[in-house]
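In each ligand, atom 1 is the first atom listed, and ligand 1 is the first ligand listed.
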Amino acid sequence: MKILVINAGSSSVKYQLYNMKDESVLAKGLVERIGMDSSIVTHKPTGRSEVTEVSEILEHTAAIRKVLGLLTDSEHGVIGSIDEIEAVGHRVVHGGEFFSESALVDGDAKTKIRQLFDLAPLHNPASMMGIKAAEANMPNVPQVVVFDTAFHQTMPEHAYLYAIPRVLYHKHKVRRYGAHGTSHDFVSKAAAEFLNRPIEDLKIISCHIGNGASITAVKDGHSIDTSMGMTPLEGLMMGTRSGDLDPAIVPYVMNKEDLTVNEVNSMLNKHSGLLAISGISSDMREITDGVAQGDANSTLAFEMYTYRLRKYIGSYAAALNGVDVITFTAGAGENSVVLRKKVCENLTYLGVELDEKLNEIRSGEPRRISSANSKVEVLVIPTNEELVIARDTFRIVQGLES
Ligand code: ADP
């Protein structure tokens, strides 16, 4: 079965076409600047060279039409006809309390995703545009939605509630939902597989460190706590997000600086984190380069970033009553040797012992970076959120057929 995985943003569509026979990627690509003056389409058939086109793509239905055209193109295509695509899987950021797992797209699922627009105003409307665009182009193909929040629906009430008047939860669903769930789910399962141990026996702390960053405590294969909250702003310091802060700062700064709600939101989401402290960049590569060159602001940003990561690892070791495995994934988690070294340096009280040589090895494969004496397994596991979406879509669509 061939499955098209779609990740739609407000002005972009990322895609990957999977052949589920061997879970191989036949082609992947990106349509950017949808609705702007010149849209850019980048298409990469596996094993062949990448093609880039600039054209006018005004909305998502036209973007998906373009993608299907490239997938079936006589020169750059990888399939003979769009009829070969038997299912479409969509990444959706927010599933609220409605979805604790992936679901087939039907009228009910679409109504629920729409009801969640308020909770994810930037993301869920874009996902809905992706779903509608795929339906318009492939009306008879089953569609599946896979949610970033679903994995965290197992969090207990004492972890997901905020200590604020409960009416806000009942009326407006103000609670913690978390994010990066497909990644934490994939990585924790892959860690158990790598160690050849049942996931039910493992206490795992999963660190997803990309532009956005979150950390999750996984017990018996289930998320019991995660650092992102009602929105992805809570938790760790990130590329451009502040992470945890005293909520009283918000009204104080709004008052002192005469900021609107949108302005303060933008400050905390887009102008904080590594970018604000370093004054240079939100990109961990530039920060660690700055540290190597002795730049004081980059060094401070790196200290703050890794200090907060260690504090979360400590708090999740407490939540789990111990830890067997710590995993690193996503852009910085998979690639930054110095970040992993710095985080693990102060975890000796947990019995963590990093093997510096293993930490320096670069490969796209799951690997151990802790020493043979370490009481905690420290692993680097490349994440693959698209594969989770393809697998869930495959499982749900196969269920329809049987
Ligand atoms: P996103 O959250 O956008 O999916 P990614 O998981 O792709 O992000 O991570 C992107 C971030 O990963 C970059 O901003 C950069 O900070 C970091 N990164 C990527 N490669 C490296 C590297 N070699 N060393 C350090 N950091 C890296």
Check: T240 main-chain N/O paired with S282 side-chain donor or acceptor under 3.5 Å: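 Absent.
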Within 6.0 angstrom of D258 CG, more than 12 heavy atoms from elsewhere: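 It does not: D258 CG has 12 such atoms or fewer within range.
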Can you see whether [X] engages [Y] through a side-chain donor-acceptor pair at a distance of less than 3.5 angstrom?
X: Y162; Y: E234; answer: yes
X: E385; Y: S183; answer: no
X: H184; Y: T216; answer: yes

Within the protein, residues bringing a heavy atom under 4.0 Å of ligand 1, chain by chain: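 Contacts of ligand 1 under 4.0 Å: G210, N211, G212, D283, M284, R285, A330, G331, A332, N335, S336.
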Any pair counted as salt bridge (Lys or Arg N to Asp or Glu O under 4.0 Å), so long as it reaches residues 10-25, sequence neighbours left out: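 For residues 10-25: E23-R391.
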